Structure formats: structure tokens, C-alpha cells
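What follows is one structure encoded as C-alpha cells, with my remarks underneath.
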Amino acid sequence: MSAKSTIKKFNAIAEKSEGELKINPYSENYEQPKWDKAASNYARPPPGSKTEKRGIRAGDYVTREILFLMEVINENANGEHPNRCVKFGPLFYTYAHYSDKLVGMLLRARKYGLVAFDGEMLYQRQDDHKDILMLKTLDEIKQTMRYTGDPVNCITFV
């Protein structure tokens with residue numbers, strides 16, 4: 001190798017290290033980043049990172065879990081659509097055999113317009129009498145629900 005190529009290689013490594021130190025909050029060279037909240041990558045992990053892959057896997061899991069929750073609600077609900085509902089108490093005890101994430105999945109399902117219930121949160125025993133209303137039929141959900149690959153808004157309806 002020539003001296004010029006060695007110097008060029010050294011300078012490239014030094015610039016890379018300096019850039020890494022600027023984004024490391026424990027470094028003396030740390031510079032507070034200026035975030036553009038309107039940017040498409042705001043509050044997102046770097047593309048191709050392990051964090052992004054974990055988020056994608058989690059989004060896929062949430063999609064499958066919400067679909068399963070809607071199947072359980074459909075099996076245990078009373079009435080005909082659009083008034084098909086189930087009480088939170090019986091649903092809690094039925095769903096507890098499968099998963100401990102009922103309330104979180106109900107909140108996500110409400111976010112996507114699949115269920116409706118009174119209040120911001122549901123608590124065991126305290127809210128056992130509250131109705132959880134299915135807003136879409138199970139067939140509608142299965143036919144139109146798609147996983148987007150985006151962990152934040154993982155479900156879309158086509």
C-alpha cells in the first residue's frame with residue numbers, strides 16, 4: 001500500500017469514529033440531535049437494525065394476537081351483529097387460559113376500530129360487568145385485515 005492510501009484509510013476511520021462520538025451521549029463530543037417531528041423516520045429505529053427487526057416481529061405478533069382475540073370474542077359473544085357483545089369478566093377468564101395480554105390487545109383492537117367499550121382502561125373484577133362490543137364481523141376482519149410491516153400501525157384494512 002502506498003502512503004496516500006494508508007492516510008486516506010486512516011482519515012476515513014477517524015471521521016467514522018468522530019461521527020459515532022457525536023451521537024454517543026456519554027462522549028465529550030456529543031451533540032444534541034435536532035429532531036424533525038414531521039420526518040418519516042422520526043421515532044423509528046435505523047433501517048436494517050436489529051431493533052427494527054424486533055419491532056417488525058412484534059408487529060406481526062400483535063396482528064396475530066388481535067385476530068385471535070377477535071375469534072375468542074366472537075365465540076363467546078351474545079347477540080347478532082352489529083350488537084354482538086361480551087362482558088369483560090367472562091372474557092377475561094376465558095382469555096386467561098391463552099394469554100395474559102387481554103387488556104393490551106383490547107386497547108389495540110379499539111385503536112383499529114374492531115371493538116368498543118366504555119372507559120379508558122378495563123380492570124379485573126372492577127369492570128367485569130362492562131360490555132365489549134364487536135364493531136366488525138369476524139369474516140370482515142379476516143378478509144380485510146392486513147399486516148403493514150410497520151410496528152407502530154401494524155394493521156390496515158383494505
Side-chain angles (χ1 to χ4, degrees), residues 12-13 15-27 29-77 81-82 84-128 130-158:
I13 292 170
E15 285 177 21
K16 181 181 175 195
S17 296
E18 187 176 326
E20 289 174 356
L21 288 173
K22 284 182 180 180
I23 63 171
N24 182 351
Y26 301 106
S27 166
N29 301 340
Y30 177 69
E31 294 177 4
Q32 180 72 31
K34 292 169 182 48
W35 303 108
D36 178 15
K37 293 184 180 180
S40 62
N41 65 346
Y42 177 72
R44 305 271 180 186
S49 67
K50 289 182 180 179
T51 304
E52 181 189 45
K53 290 176 185 167
R54 281 191 299 272
I56 291 169
R57 278 198 323 266
D60 181 48
Y61 172 78
V62 166
T63 303
R64 286 184 278 117
E65 190 82 14
I66 288 174
L67 183 59
F68 178 70
L69 169 64
M70 297 310 296
E71 289 172 350
V72 171
I73 290 173
N74 189 57
E75 288 173 10
N76 294 288
H81 193 74
R84 196 151 171 75
C85 67
V86 65
K87 299 281 186 196
F88 176 68
L91 178 64
F92 185 89
Y93 291 109
T94 301
Y95 199 78
H97 293 288
Y98 305 111
S99 176
D100 60 350
K101 298 163 188 64
L102 173 64
V103 175
M105 290 301 121
L106 282 170
L107 292 172
R108 272 290 181 108
R110 181 170 65 178
K111 172 185 173 183
Y112 294 116
L114 301 175
V115 298
F117 53 87
D118 291 335
E120 292 295 314
M121 181 65 73
L122 295 170
Y123 298 98
Q124 185 182 9
R125 291 194 266 315
Q126 177 181 332
D127 295 322
D128 284 355
K130 288 195 177 175
D131 287 327
I132 298 169
L133 180 70
M134 283 185 72
L135 300 177
K136 295 184 179 187
T137 65
L138 190 58
D139 290 336
E140 274 183 282
I141 294 168
K142 286 183 176 182
Q143 290 172 0
T144 61
M145 188 166 110
R146 299 288 179 266
Y147 174 60
T148 63
D150 179 10
V152 176
N153 297 306
C154 55
I155 299 173
T156 188
F157 294 92
V158 291

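Since this is a predicted model, take the numbers as computed values, not measurements.
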Spacing of CG belonging to Asn74 relative to CZ belonging to Arg84, to within rounding of 0.5 Å: 4.5 Å
Backbone of Ile73 reached by a side-chain donor or acceptor of Tyr95 within 3.5 Å: no
Side chain to side chain, Leu21 and Glu18, heavy atoms closer than 4.5 Å: no
Between CG on residue Leu122 and NZ on residue Lys130, distance to nearest 0.5 Å: 6.0 Å
Criterion side-chain contact (heavy atoms from CB on, under 4.5 Å) on Tyr93 and Gln124, from CA distance to verdict: CA-CA 9 Å; Tyr93 291 109; Gln124 185 182 9; 3.5 Å; yes
Worked verdict on Leu67 versus Arg64 for side-chain contact (heavy atoms from CB on, under 4.5 Å): CA-CA 5 Å; Leu67 183 59; Arg64 286 184 278 117; 5.7 Å; no
Min side-chain heavy-atom separation Met70-Lys142 under 4.5 Å: no
Heavy-atom closest pair, residues Pro82 and Leu133: O-CD1, 3.6 Å
Side chain to side chain, Trp35 and Asn41, heavy atoms closer than 4.5 Å: no
Heavy-atom check, side chain of Asn76 versus side chain of Lys87, under 4.5 Å: no
Min side-chain heavy-atom separation Asn153-Lys111 under 4.5 Å: yes
Asp127 side-chain N/O to Tyr123 backbone N/O, donor-acceptor pair under 3.5 Å: yes
Test: Lys136 cationic atom under 6.0 Å from Phe157 six-membered ring centre, within 45° of axis: yes
Taking every non-hydrogen atom, the tightest pair across Leu69 and Ala109: CD2-CB, 4.4 Å
Flag side-chain contact, heavy atom, 4.5 Å: Cys85 against Phe117: no
Nearest-0.5 Å distance, CZ of residue Arg108 to CD1 of residue Ile155: 7.5 Å
Which atom of Leu106 lies closest to which atom of Val115, heavy atoms considered: O-CG2, 3.8 Å
Between Phe68 and Tyr98, ring centroids under 6.0 Å: yes
Smallest separation among heavy atoms of Pro45 and Thr51, with atom names: CB-CG2, 3.7 Å
Stepwise side-chain contact (heavy atoms from CB on, under 4.5 Å) test for Leu114 and Met134: CA-CA 6 Å; Leu114 301 175; Met134 283 185 72; over 6 Å; no
Value rounded to 0.5 Å, distance of CZ in Arg146 from OG1 in Thr63: 11.5 Å
Note, Arg54 side chain near Arg57 side chain (heavy atom, < 4.5 Å): yes
Candidate pair Met105 and Val62, rule side-chain contact (heavy atoms from CB on, under 4.5 Å), full reasoning: CA-CA 8 Å; Met105 290 301 121; Val62 166; 4.3 Å; yes
Asn24 side chain vs Glu20 backbone, donor-acceptor pair below 3.5 Å: no
Nearest-0.5 Å distance, NE2 of residue His81 to CG of residue Leu138: 11.0 Å
Minimum-distance pair of heavy atoms, taken over all atoms of Ile132 and Phe88: CD1-CD1, 3.8 Å
Point-to-point distance, once rounded to the nearest 0.5 Å, from CG of Leu102 to CG of Leu91: 5.0 Å
Residue pair Asp128 / Pro90: nearest heavy atoms and the distance that separates them: O-CD, 4.2 Å
